[in-house]
Undergrad: 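Please find one structure pasted underneath; my questions will follow.
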Amino acid sequence: MKTFWKICGWGALVIVLLFALILAVASPVAKYIINNKGNELIGRQMHVDRVIINPYWGGVSINGFECKETNGETNFISFDHLYVQIAYPQLLGKTVKLRAIHLDGFNGQVLKSNDKVNFSDIIERFSQKDSVPVDTAKSAWTVILKDIRINNSNIRYRDVVSDKQWKLEDLTLRVPGLYFDNTQTNAGIEFGLPTGGRVGIVAGMKLQSNRYAVKLNLHDVHTDVVLPLVQDYLDVTGLGAKINGSLHVDGSLDVITNILLSGHLSLSGLSLRDSHKDEVAALDELRLAISRGDVAQNTYILDSLTISGLTANYEVHEGWTTLTRLMKSKHEVQEEMADSAATDSLETPIEVEKPKSAKPLVWMAKRVTLTGHDISYHDYSKKHDWSYAIQTLRVEGQNVASNGRNSIKLQATLPNDGSINLDFKGGLDLKNQDTQADLKVRGVHIEDFSALCRNYTGYPIDGGMLTIDSHLDVESAKLNGTNRIEIDHPRVGRKERFSKAPYKNIPVRLGFQLLTSAQDIIVVDVPLTGDVTNPKFSLRKVISRALLKVFFGPLMGVNDRNKSVNEAELREMQELLGEDSVSLGNDTVSNFAADVAMTAGDSTRLAEISE
């Protein structure tokens with residue numbers, strides 16, 4: 001009996017010494033191999049400060065690891081600490097289980113040049129040269145990865161050819177478990193962006209059924225993170241906005257387009273600046289509440305869309321406009337696309353299945369609100385600079401949809417207390433949907449358009465108050481509309497001498513005089529008929545009223561300022577409008593004028609007015 005216990009004691013001692021020997025030898029050997037055999041193993045220089053292998057608990061700890069680029073100088077990847085623990089007993093049940101994977105202080109860079117990356121040599125080294133038949137039978141092994149943690153890590157991607165780069169800084173990853181069977185897998189990742197803000201992702205997936213659900217959380221994510229993509233098409237230097245929100249995505253990897261979206265997003269502080277760092281447009285906030293988005297059906301339903309504090313500035317200069325300076329030329333875009341296609345070309349072309357015809361886009365916003373101010377237009381390309389601005393703007397809509405009946409109201413404040421009000425009810429597709437619209441314009445000082453009129457006709461506008469009342473009915477694509485335009489106390493100055501305006505031959509001052517009544521007001525009624533493909537405007541009443549003014553003005557007792565015009569000026573108007581356009585009954589203007597006698601005094605006075 002004593003002999004038995006001696007044998008057991010000596011056996012236990014040998015096992016302990018054996019494990020101690022392994023523990024003492026394994027770590028230094030592993031460190032030696034990493035530091036001295038890196039080129040033989042992966043073709044790269046590697047260095048590690050410390051390796052600790054614990055065979056009792058199945059743990060491996062590595063500190064201060066570096067792997068160099070092929071030049072042997074810069075780091076490809078490095079990390080401060082890596083700890084991995086494996087569960088030995090479960091290997092007997094055909095289960096590979098890693099109890100923990102902890103990675104701290106990881107830094108890595110991916111460099112892309114043409115169709116190669118900076119680790120292509122490692123992939124080629126471990127690629128099998130001879131093709132091996134793939135075993136498609138379902139594996140009986142289960143892989144479980146538990147307690148995955150990544151802290152204080154950074155990843156950098158750079159395209160050497162285009163010099164575009166992306167960075168993920170202060171990366172934090174938490175994955176409770178990954179199960180490579182039919183068990184639900186949950187994973188969470190959080191990381192900061194170099195331009196500001198943090199991104200959090202929580203994902204759940206069943207690997208065998210390929211169903212997944214993803215929740216994306218954005219906190220103060222700066223839009224400059226996508227600036228390189230925007231700069232492919234727009235010549236901009238900054239966006240300046242921040243994105244916040246939460247987006248839910250549900251889908252299946254079996255059918256990529258089976259994606260359902262919901263959530264809310266907000267964009268605040270947008271400032272779009274062109275290549276000269278001039279602000280083109282800005283908004284205080286954009287808020288979007290997505291009730292349901294179905295990518296497969298191409299249908300998107302919004303609970304609300306709110307845009308507040310919109311400002312915009314559009315300028316026209318000789319040789320360029322705000323838009324042309326903002327947009328890259330078609331030639332530039334084609335060159336960049338050609339370069340991208342050349343640098344990203346693959347050795348073996350990929351056959352892409354032609355997509356099926358896409359379903360038409362269907363969208364609806366249950367509530368829409370837009371507010372803005374200082375939406376301005378400036379024309380500096382002509383002799384006289386001209387500017388105009390919408391000082392305040394508000395748009396409200398209910399159930400605004402691509403194929404439904406909309407209710408939209410627009411209110412805007414114009415310079416000098418002017419206003420615009422639009423009430424729109426109906427469909428956006430006028431061919432297939434009935435619509436009613438009312439437009440009211442009040443208090444517009446037409447002298448604000450004097451520079452514009454001088455640039456194109458040579459005539460300055462000295463005064464006048466514009467009022468517009470317009471109503472439109474569209475039923476079965478048929479148009480029935482009324483338009484009344486009134487200008488109170490219109491005043492047009494004398495035409496500029498030696499004017500080079502493109503339409504200087506149009507007698508604007510004469511036209512105003514013809515249309516101005518004895519009450520010093522212009523009233524123009526323009527009915528609208530026809531259909532949406534062929535609208536018809538009638539100017540018969542306007543022309544008739546002007547001709548009556550010409551021939552019967554002296555008999556109607558108009559004031560000195562509104563005397564009739566002489567026959568030469570009438571001929572000028574007739575040539576501009578056309579013979580048929582100014583006919584009255586069966587008599588043309590020329591025949592009618594022959595029967596009207598004008599005194600010499602009237603002709604002289606009217607000649608002065610028309611100058």
Side-chain angles (χ1 to χ4, degrees), residues 234-240 269-284 307-327 370-395 410-422 439-468 470 485-504 506 508-509 511-512 522:
L234 299 178
D235 198 3
V236 296
T237 57
L239 299 173
L270 177 67
S271 177
L272 183 64
R273 296 184 178 274
D274 60 21
S275 57
H276 292 71
K277 298 185 178 181
D278 293 330
E279 187 174 78
V280 176
L283 59 84
D284 294 337
I307 300 174
S308 58
L310 174 66
T311 62
N313 178 55
Y314 190 84
E315 296 183 4
V316 178
H317 295 260
E318 187 174 358
W320 65 272
T321 67
T322 297
L323 186 61
T324 57
R325 196 162 75 171
L326 187 65
M327 300 292 294
L370 184 151
T371 60
H373 56 87
D374 292 336
I375 301 173
S376 58
Y377 178 92
H378 308 274
D379 189 347
Y380 302 115
S381 63
K382 304 293 190 299
K383 179 180 179 181
H384 305 284
D385 295 343
W386 179 69
S387 299
Y388 204 73
I390 296 177
Q391 295 176 337
T392 61
L393 173 68
R394 183 174 182 83
V395 179
L410 180 149
Q411 296 175 326
T413 302
L414 304 177
N416 300 314
D417 298 326
S419 65
I420 296 178
N421 288 274
L422 172 66
L439 173 66
K440 297 183 183 297
V441 180
R442 298 287 185 271
V444 177
H445 292 247
I446 62 173
E447 63 265 29
D448 292 338
F449 299 86
S450 180
L452 184 66
C453 188
R454 292 169 70 186
N455 286 330
Y456 287 94
T457 67
Y459 287 92
I461 299 177
D462 296 335
M465 188 76 72
L466 173 67
T467 300
I468 299 176
S470 179
I485 303 172
E486 297 181 3
I487 303 177
D488 194 20
H489 301 295
R491 299 290 184 270
V492 178
R494 296 178 181 274
K495 183 165 64 176
E496 296 176 341
R497 299 185 63 184
F498 311 111
S499 173
K500 296 182 180 180
Y503 305 105
K504 62 181 180 180
I506 296 179
V508 175
R509 192 163 186 258
F512 268 66
I522 294 176

Undergrad: Would you name the heavy atoms of N455 and P502 that are closest together and state the gap between them?
TA: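 Looking at all heavy atoms of both residues, the shortest contact is O-CD, 3.4 Å.
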Undergrad: Who pairs with S470 by side chain to side chain donor-acceptor pair (under 3.5 Å), at least two apart in sequence or on another chain?
TA: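 S470: side chain to side chain donor-acceptor pair (under 3.5 Å) contacts with N483.
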Undergrad: Could you pull out all residues at least two apart from D278 that satisfy salt bridge (Lys or Arg N to Asp or Glu O under 4.0 Å)?
TA: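 With neighbours one apart ignored, the set is R325.
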Undergrad: Are the side chains of N421 and L439 in touch, meaning some heavy atoms are under 4.5 Å apart?
TA: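 No - every pair of side-chain heavy atoms lies 4.5 Å or more apart.
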Undergrad: Parallel, tilted or perpendicular: which describes the rings of Y377 and Y314, with under 30° parallel and over 60° perpendicular?
TA: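 Parallel.
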Undergrad: Could you report the tightest heavy-atom contact between A501 and G458, atom names first, then the distance?
TA: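 Heavy atoms of A501 and G458 come nearest at CB-N, 3.6 Å.
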Undergrad: Without swapping roles, check the side chain of R509 against the backbone of V492 for a donor-acceptor pair under 3.5 Å.
TA: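 Pair found, side chain donor or acceptor close to backbone of V492.
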Undergrad: Excluding sequence neighbours, so at least two apart, what forms side chain to side chain donor-acceptor pair (under 3.5 Å) with D385?
TA: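 Per chain and number, D385 pairs via side chain to side chain donor-acceptor pair (under 3.5 Å) with no residue.
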Undergrad: Just wondering, are more than 12 heavy atoms of other shown residues or ligands nearer than 6.0 Å to OH in Y380?
TA: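 For Y380, atom OH is crowded (more than 12 foreign heavy atoms under 6.0 Å).
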Undergrad: Any chance you could measure D235, atom CG, to S275, atom OG, to the nearest 0.5 Å?
TA: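 Going from CG on D235 over to OG on S275, the span is 4.0 Å.
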Undergrad: Please name all residues satisfying side chain to side chain contact (heavy atoms under 4.5 Å, CB included) with D488, sequence neighbours left out, ordered by chain then number.
TA: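 Scan of D488 (side chain to side chain contact (heavy atoms under 4.5 Å, CB included), adjacent residues dropped) gives M465, I521.
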Undergrad: Main chain of T321, side chain of T324: is a donor-acceptor contact present, judged purely on distance under 3.5 Å?
TA: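 Checking the backbone N and O of T321 against the side chain of T324, a donor-acceptor pair under 3.5 Å is found.
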Undergrad: So, using salt bridge (Lys or Arg N to Asp or Glu O under 4.0 Å) as the criterion, who are the partners of E315 when residues are at least two apart?
TA: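 In terms of salt bridge (Lys or Arg N to Asp or Glu O under 4.0 Å), with neighbours along the sequence ignored, E315 is linked to no residue.
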Undergrad: I461: what forms a side chain to side chain contact (heavy atoms under 4.5 Å, CB included) with it, not counting sequence neighbours?
TA: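 I461 satisfies side chain to side chain contact (heavy atoms under 4.5 Å, CB included) with I446, S450, C453 once adjacent residues are dropped.
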Undergrad: OG1 of T237 to CZ of R273: how many Å apart, nearest 0.5 Å?
TA: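 Here the interatomic distance stands at 7.5 Å.
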Undergrad: Distance only, no hydrogens: is a donor on one side chain within 3.5 Å (strictly under) of an acceptor on the other, for T311 and D374?
TA: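 The criterion, which ignores hydrogens and geometry beyond distance, is not satisfied for D374 and T311.
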Undergrad: Say you draw a straight line from CZ of R454 to CZ of F449; how long is it, rounded to the nearest 0.5 Å?
TA: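 Reported to 0.5 Å precision, the distance equals 15.5 Å.
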Undergrad: Could you tell me which residues satisfy side chain to side chain donor-acceptor pair (under 3.5 Å) with S381, sequence neighbours excluded, listed by chain and number?
TA: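 If we apply the side chain to side chain donor-acceptor pair (under 3.5 Å) test to S381, skipping adjacent residues, the hits are D379.
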Undergrad: Any chance you could measure S271, atom OG, to E279, atom CD, to the nearest 0.5 Å?
TA: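 It is 3.5 Å, given to the nearest 0.5 Å.
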Undergrad: State which residues pass side chain to side chain contact (heavy atoms under 4.5 Å, CB included) with T467; sequence neighbours excluded, sorted by chain then number.
TA: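 Expected list: R442, D469, E486.
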Undergrad: Does D417 have any side chain to side chain donor-acceptor pair (under 3.5 Å) partners at least two apart in sequence or in another chain, and if so, which?
TA: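 Not a single residue meets the side chain to side chain donor-acceptor pair (under 3.5 Å) criterion with D417.
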Undergrad: Let me see the working for L410 and I420 under side chain to side chain contact (heavy atoms under 4.5 Å, CB included), right down to the final yes or no.
TA: CA-CA 8 Å; L410 180 149; I420 296 178; 4.2 Å; yes
Undergrad: Here's a test for you: under side-chain contact (heavy atoms from CB on, under 4.5 Å), which of R494, H489, R491 qualifies with D462?
TA: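 Testing D462 for a side-chain contact (heavy atoms from CB on, under 4.5 Å) against R494, H489, R491 leaves exactly one candidate, R491.
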Undergrad: Could you measure the distance from the CD1 atom of I468 to the NZ atom of K440? Nearest 0.5 Å is fine.
TA: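 Nearest 0.5 Å value for the CD1-NZ distance: 12.0 Å.
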Undergrad: List the atom pairs, donor and acceptor, that lie under 3.5 Å between side-chain atoms in residues 386-394 and the rest of the protein, sequence neighbours left out.
TA:
| residue | atom | partner | partner atom | Å |
| --- | --- | --- | --- | --- |
| W386 | NE1 | D448 | O | 2.8 |
| S387 | OG | H378 | ND1 | 2.7 |
| T392 | OG1 | T413 | OG1 | 2.7 |
| R394 | NE | E396 | OE2 | 2.8 |
| R394 | NH2 | E396 | OE2 | 2.7 |

Undergrad: Mind checking what makes side chain to side chain contact (heavy atoms under 4.5 Å, CB included) contact with L272, not counting sequence neighbours?
TA: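 Side chain to side chain contact (heavy atoms under 4.5 Å, CB included) list for L272, sorted by chain: V236, L239, L326.
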